[in-house]
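First comes the structure, then the notes that go with it.
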Amino acid sequence: MNILLIGSGGREHALAWKLAQSPLLDKLYAAPGNPGVAEHAELVALDLADHAGVVTFCEAHRIGLVVIGPEAPLVDGLADSLRAGGFSVFGPGRLAAQLEGSKGFTKDLCARADIPTAGYVRAKTAAEAHAALDRFGAPVVIKADGLAAGKGVVVAMTLPEAQAAVDEMFDGAFGAAGAEVVVEEFLSGEEASFFALTDGATIVPLASAQDHKRVGDGDTGPNTGGMGAYSPARVLTPELEAQTISRIIAPTVKAMADDGMPFSGVLYAGLMLTDEGPKLIEYNARFGDPECQVLMMRLESDLVELLQACADSKLSSIEPPRFSAEPALTVVLAAKGYPEAPAKGGRIDGIRAAEAAGAKVFHAGTTLGMHGALTASGGRVLNVTARGQSVGAARDAAYAAVDAIVFPDGFCRRDIGWREVEREG
Ligand code: AMP
Ligand code: GLY
């Protein structure tokens, strides 16, 4: 089968790497891909906003499955256009992708289906939002309703901070995404992520992970897309995982189907593990980046078979996916200045040496420059990923590989996995 993979980050390199291991794959195309993805795929320049053009490409190249990595084309309805053209697609349509694309949509669904989550108010004007702040008090959380590249959330420890955040959002700090905001009760606890495939009816649990959102060691500095991750997250015990499925994932899948917008793809639940049990912080309608990298590093089953069964509503007839018992950990190498102003063009050497040290290096933001030299082209540049008998061992293997990479314009956190390594003692 020929597969078209949409996206260009470390998540897509990890997916391409795993798809390429399947005997079911004939030819992989990727749009736009990156130099790491190119080791497994033919890169094609498609305008993802031109749905008819993507459909025409799929017809011409006899594509049997389209795998959509990032959220933007999902929220934009690319999956619907491809399905209307007769193609199998891994990833939800526009309506189902609202689970990620509109925070207010998801909160309303949680309220209807009695899914544990923070108390909230949707506000369409600054006055409504300020009234909600008075009700909730501080600390409090303010979220732009729409997609804001992971930046539209302010956790305010004081009311003045919260008031300023509301005013900024209604002043257009996040464009249309902030035309409506959600004001939320502050939850405390440890965060974990849980991933499950669903075809709208059957739920196939995948695995858990934890990421590190702050840019600096010790979880300091501004939020990022994620500076590293590991899987599994053992704080999500089998009992808490079962609760997550029965109280959060299953009622979501049922409510979406009942409402005529069945969700097909991977549901990524961001959870707060509170004293009252797991509560939903947010959904994403796609694999996490860099969480996908650690999931793929542990996945032992055939990824083509899994994603195709999901796309074709046949998850009830496949074997449950197998994951290595060994944890995996990934360290993000970012360009200096990330997240505010990442330096572009920094030269990268030593990937082969890093992989010889036992890790897998996924490309997240790289490009091939003059004379084939690899250079940085994004904020997050490489994801150095390894497995080990413990999180500590996986961490040591990943950092040994990081140290083999020569990237003078880059940096990384040195403490990825610290919570779990501490627990391992
Ligand atoms: P989100 O984009 O919704 O995942 O939010 C980004 C981050 O903000 C989360 O990973 C949490 O660390 C934090 N956060 C979001 N909602 C809440 C909440 N209700 N209580 C406490 N922290 C939150
Ligand atoms: N690592 C967070 C995300 O993919 O949204």
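For clarity, every value in this text was computed on a predicted model and none was experimentally measured. Atoms within a ligand are numbered from 1 in the order they appear, just like the ligands themselves.
Side-chain contact between Thr375 and Ile348: absent, with no pair of heavy atoms (C-beta onward) separated by less than 4.5 Å. Taking the side chain as every heavy atom from C-beta outward, Leu206 and Phe323 approach each other to under 4.5 Å.
Within the listing of ligand 1, atoms 2 (O), 3 (O) sit less than 4.0 angstrom from a heavy atom of Lys103. Atoms of ligand 1 found under 4.0 Å from any heavy atom of Ala118 (numbered from 1 in listed order, with element): 19 (N). Ligand-side atoms of ligand 1 in range of Met272: 21 (C), 22 (N), range being under 4.0 angstrom from any heavy atom. Proximity to Lys213 (heavy-atom distance under 4.0 Å) selects the following atoms of ligand 1: 10 (O).
Nearest-heavy-atom check against atom 13 (C) of ligand 1 across Thr106, Val183, Val155, Asn284 picks out Val155. The residue among Val182, Asp219, Val153 with a heavy atom at the shortest distance from atom 6 (C) of ligand 1 is Val153. Closest to atom 16 (N) of ligand 1 by heavy atom, among Lys143, Glu282, Glu100, is Lys143. Looking at Asp211, Val141, Thr117, it is Val141 that brings a heavy atom closest to atom 18 (C) of ligand 1.
Ligand 1 has no N or O atom lying under 3.5 Å from any N or O atom of Ile281, backbone or side chain.
Atom CZ of Arg423 is separated from atom OG of Ser390 by 13.5 Å, given to the nearest 0.5 angstrom.
Residues Glu291 and Asp211 come closest through the heavy atom pair OE2-OD2, 3.2 Å.
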Side chain to side chain donor-acceptor pair (under 3.5 Å) between Thr117 and Lys107: does it pass, once the steps are laid out?
CA-CA 8 Å; Thr117 190; Lys107 298 301 281 190; 2.8 Å; yes

Tell me which donor-acceptor pairs under 3.5 Å the side chains of residues 338-347 have, and how far apart each pair is, sequence neighbours excluded?
unit_1, atom_1, unit_2, atom_2, d
Tyr338, OH, Gly225, N, 3.1
Arg347, NE, Asp349, OD2, 3.0
Arg347, NH2, Asp349, OD1, 3.3

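In this structure, ligand 2 sits under 4.0 Å from heavy atoms belonging to Asp211, Gly225, Tyr268, Asn284, Arg286, Gly288, Asp289, Pro290, Glu291.
Using a 4.0 Å cut-off between charged nitrogen and carboxylate oxygen, Lys103 and Glu180 do not count as a salt-bridge pair. With salt bridges taken as basic N to acidic carboxylate O contacts below 4.0 Å, none links Lys18 and Asp302. Between Arg298 and Glu326, no side-chain nitrogen of the basic residue sits less than 4.0 Å from a carboxylate oxygen of the acidic one, so the salt-bridge criterion is not met.
Using a 3.5 Å distance cut-off with no hydrogens or angles, the side chains of Asp217 and Trp418 do not pair a donor with an acceptor.
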